[in-house]
Every structure is written in structure tokens, then in C-alpha cells.
Amino acid sequence: MTQIASAPPQATVASPPAQQVAPPTAAAQRAAARRHYFTGTPGRMRINAVIAAVMCLAFAAVGFFGLRALDGAVDRAGANTEQVIRVQQIYADLLTADAATTNGFLQGGLEPAQLRASYDKSIAAVSSNIAAAAKAQPADGVALAALNTKLESYTSYIDQARSYNRQTLPVGAQYQTLASQQLRAEILPIVAELAKANQQRADQELGAGLAGIIPIVVGVLTLIVLAAIALWLAKKTHRYLNLPLTGAILLVLAATALLLTSVASATTTMGRVADGDFKSAVALASGRAAAYDMKSNESLTLIARGSGRGYEDAYGEARDTALEQLNGAGYGAGKSPDLVASVNKYNGVHTRIRSLDNGGDWDAAVELATQAGAGGANATFEEFDTRATAELDKRVKGALSALDGLRTPLFPWLVGLAGVLAALAAGRSMTKRIEEYR
């Protein structure tokens, strides 16, 4: 029998050992958990809650600081308004003092007690207002210090003029003229620059109400974001009222309405003050100061005894300035008080004074220029000054009273608190909805 060879045994191939997968590390597990935390509808809810809370907090901050800034602008507007009038008063008091001393000089010898008292009162008021102005506005400090130094020189010249005038020495007229020239060439320009600088500051602050629009814009954007999140949530959950989110919307809406009311009131009032009482007060103060310049130049023309053409020209320029400012402030024909008519009445007396002096009757001209009784220059000017001063006080008080009414120190805190509460509510608005997905 033929033997059949058996097949050699096949080698058994060993399969490779199974590769073991290492368990995820703790860090990887935390990263995966974080990704899962912000994925899917629950994750989107968490993201929207964070966005809503952040927007509300941003609104709280912008609204709080925006209203605080608006209150600060109102305070600065009031302070700068007072500083403008204070500086204008310095200007007027300087010319009042000069008008009193030049008018008193015309009367020779010992000047009348009333005019001396007017001079002393005006100089004291100037010194007091310089100190108050330096304290109120540090930016004016250097100019006010220079003004104070020049004032000492001016009063020194006046004292020497008085001394020589009591002795009826002609050199007294030179000192009086020198003092008045220094006043116009060196002192009044400093005051005019101070008035200009402070008026610019006041105008800038009175126009600062528009800066409050930024918090309103942020409030509107916050409401849009909250409303969009509320709509998205309603579509996802088919529940149309989420109490925490609705509360946040109502809080932001109320705070935005408060902002809108405050800013609108501030903007309107500050604009009305800028174009009304403040503008009129500045023009009235300028017109009143120019009237005192008229009075002083009238006396200087007579003191010059025939060589005072330059002072008479200065009188005419001051008269034109006074009439222009007073008309601009609304105190012309048909107004009460008609200060333009008062200036024209005084100018009529001045015309008579010049007619007497030009006709060679200097003594009669001096008598009319220094006459305190009815029809005299002093009485006519005092009538104007009394009316102008009363009206100026009224305008200043009106401007400051209107600005005081805008101060709302509680409002910034209310807006800030409303924004914080809205942020807390918005942050909790998704809690129950997320739990439904577990």
C-alpha cells in the first residue's frame, strides 16, 4: 500500500497583544467637561446669561459715571458762571472807583465824602473779589496775582493825586491821569482776558449736557441684547415669560428712562441758561462797565483842560459799547427797564457838559459834571446804575438758580443700583431652563 505523506504541521501565528488605552487624565476630563458645559442648548443658555449680565453691569457703570459727570458739568457751569460775573464785577468796580476819584478830583481840595466812600468801597470790593476768584479758579491764579500787583500801583498813584490836589498843586492832575492811563493800559486788559477765559469755560460746561447721550445709547443697546435673548429663549423653550429676564429688562428700561429724563432736562436747561440769563448777565455787566468808563473819561476830559480830545474819543467808544451790549441783552426801547434810554439820558447831560467846556465855561461844565442833584451828571448816572445793578443781580440769580435745580446726586446711584440688580437677575435667568435638560 502506498503510504500517503501527511502535511507538515502549520505554525501557529500568535496574534499581537491588544493595545491598552490609557484612561483620560484629570486635566483632559476637566477640559471635556468645560466644552460640554458650553455646548448644546444648555451651553448656549449659559453663554446668553453671561452676556446679559455683562451688558447690565456695563450699563450700570456707564450710567453711574455718566450721570456723575453730568452733575460735575452742572457744578462747573455754575462755578464758572459765578466766576465770569465775579471777574466782570472786578472790571466794573475798577471803573467805578476811577469814575469816583476822577469826579472827586474835579471838585478840588478835599474830595466829597460820598465820592471818597464810593472809591474806597469799590477798591475793597475789587480786592475781595480777586481773593475769591483766585480761590474759586486756580487756573486764574497767575493773572490775578499780576492784577493785584498792578492794583497796588494804581491806588498809590491815586493817593499821591489826592495829596497834591488837597494842596491845589497842578502835579496832582498828572498823577490822576497817570493812574487812569495805567488802569486802561495795564489793569483792565488783564481783567478782560480773565473774563474771556472764564466765559469760554462756562460756555463749554453749559454745552456739556450732550455728553449724557452715551449712557442712554448703552442703555438702549442693553435693552436690545436682553430682548434678543428673551426671544431666543422663548423659541427654544416655548415659554414666553422668563421672570428674572423680564425683571432685568424692566430695571434697565426704568434706568434708561431716568437717564433720558435727566439728560434732556439738563441739556434743555443748560442751553436755556446759556442763551438766556447767562448771556444777558454777561452783556449787561459789560454794558454797565462801559457806562462807568464813559463817566470816568468824561471827568478825565475836564481834568485835561482843553487837551482831552483823546478822552472824549474814548468816551464815545465806551458809549457805543454800552449801547451795543445793552441792546444785545434786550434792554432797549420798549423793554423794562429801558437801560438804553438811561444811557442816552446821561449822554444828553454829557453833551451839555461838553458844550459848556467847549464854549469856554469850564467851571460851569465841572459843576454840571459833579452835580448830585436832579438834572446833574451824577444823579442821572446813579439812576442808570441803580437799575442796571438790580437787573444784573436778577439775571445772575436766575442763572444760578436754574443750574442748582439740575443737581441730582441720588440719580447716579439709582441707575447704578438698577443695573447691578438687572445683572443679578439676568445671570439667574437660565437656571430653571437648564435644569429641565438634565
Side-chain angles (χ1 to χ4, degrees), residues 92 94-119 122 158 161-162 165 168 170 172-181 183-184 188 287-326 337-389:
L94 285 168
L95 288 170
T96 302
D98 199 61
T101 191
T102 51
N103 194 260
F105 188 91
L106 281 174
Q107 302 189 37
L110 187 64
E111 64 185 313
Q114 181 182 359
L115 292 176
R116 177 60 186 264
S118 175
Y119 170 86
S122 297
I158 293 297
R162 281 174 173 159
N165 194 37
T168 66
Q174 297 178 15
Y175 276 104
Q176 181 66 57
T177 301
L178 185 61
S180 294
Q181 288 175 344
L183 178 70
R184 286 159 178 77
L188 293 181
R288 179 171 169 264
Y292 270 104
D293 202 15
M294 292 168 58
K295 181 66 173 168
S296 181
N297 278 297
E298 178 181 86
S299 297
L300 289 169
T301 305
L302 292 171
I303 290 172
R305 283 182 174 265
S307 58
R309 182 62 193 175
Y311 297 118
E312 179 60 19
D313 291 342
Y315 171 93
E317 292 175 2
R319 177 199 59 215
D320 293 343
T321 299
L323 292 175
E324 179 185 358
Q325 293 294 328
L326 294 173
D338 189 345
L339 297 177
V340 169
S342 295
V343 171
N344 285 330
K345 182 179 179 181
Y346 174 76
N347 189 60
V349 178
H350 174 79
T351 301
R352 289 163 52 201
I353 292 171
R354 295 308 318 139
S355 178
L356 290 169
D357 187 27
N358 292 336
D361 196 349
W362 184 85
D363 291 332
V366 169
E367 182 180 355
L368 183 57
T370 57
Q371 183 179 331
N378 287 350
T380 305
F381 187 84
E382 184 178 354
E383 177 185 337
F384 158 79
D385 186 47
T386 300
R387 293 178 177 178
T389 301

Can you find a pair of side-chain heavy atoms, one from [X] and one from [Y], that are under 4.5 Å apart?
{"X": "E367", "Y": "L356", "value": "no"}
{"X": "Q371", "Y": "V349", "value": "no"}
{"X": "Y346", "Y": "K295", "value": "yes"}
{"X": "Y292", "Y": "D385", "value": "yes"}

Is [X] reaching over with its side chain to a backbone N or O of [Y], donor-acceptor style, under 3.5 angstrom?
{"X": "T301", "Y": "N297", "answer": "yes"}
{"X": "S122", "Y": "S118", "answer": "yes"}
{"X": "R184", "Y": "S180", "answer": "yes"}
{"X": "N103", "Y": "A369", "answer": "yes"}
{"X": "T96", "Y": "A92", "answer": "yes"}
{"X": "T389", "Y": "T386", "answer": "no"}
{"X": "T177", "Y": "A173", "answer": "yes"}

Rounded to the nearest 0.5 Å, what separation is found between the [atom1] atom of [X] and the [atom2] atom of [Y]?
{"X": "L368", "Y": "D357", "atom1": "CG", "atom2": "CG", "value": "11.0 Å"}
{"X": "Q174", "Y": "Q181", "atom1": "CD", "atom2": "CD", "value": "10.5 Å"}
{"X": "I158", "Y": "Y175", "atom1": "CD1", "atom2": "OH", "value": "12.0 Å"}
{"X": "R319", "Y": "E317", "atom1": "CZ", "atom2": "CD", "value": "10.0 Å"}
{"X": "R288", "Y": "D293", "atom1": "CZ", "atom2": "CG", "value": "13.5 Å"}
{"X": "D98", "Y": "L300", "atom1": "CG", "atom2": "CG", "value": "6.0 Å"}

For [X], the option from [options] that meets side-chain contact (heavy atoms from CB on, under 4.5 Å):
{"X": "S296", "options": "T102, L94, L183", "result": "T102"}
{"X": "I353", "options": "T370, L302, V366", "result": "L302"}
{"X": "L323", "options": "N347, L339, V340", "result": "V340"}

Where is the tightest heavy-atom contact between A161 and G172, given as atom of each residue plus distance?
CB-O, 3.5 Å

Taking every heavy atom of A291 against every heavy atom of A322, the minimum-distance pair comes out as N-CB, 4.1 Å

Please test Y119 against R162 for side-chain contact (heavy atoms from CB on, under 4.5 Å), starting from the C-alpha separation and ending with a verdict.
CA-CA 12 Å; Y119 170 86; R162 281 174 173 159; 2.8 Å; yes

Is it true that the NZ or CZ of R354 lies under 6.0 Å from the centre of Y315's six-membered ring and within 45 degrees of the ring axis?
no

Counting neighbours of CD on E383 that are heavy atoms of other residues, nucleotides or ligands and sit closer than 6.0 Å, is the number greater than 12?
yes

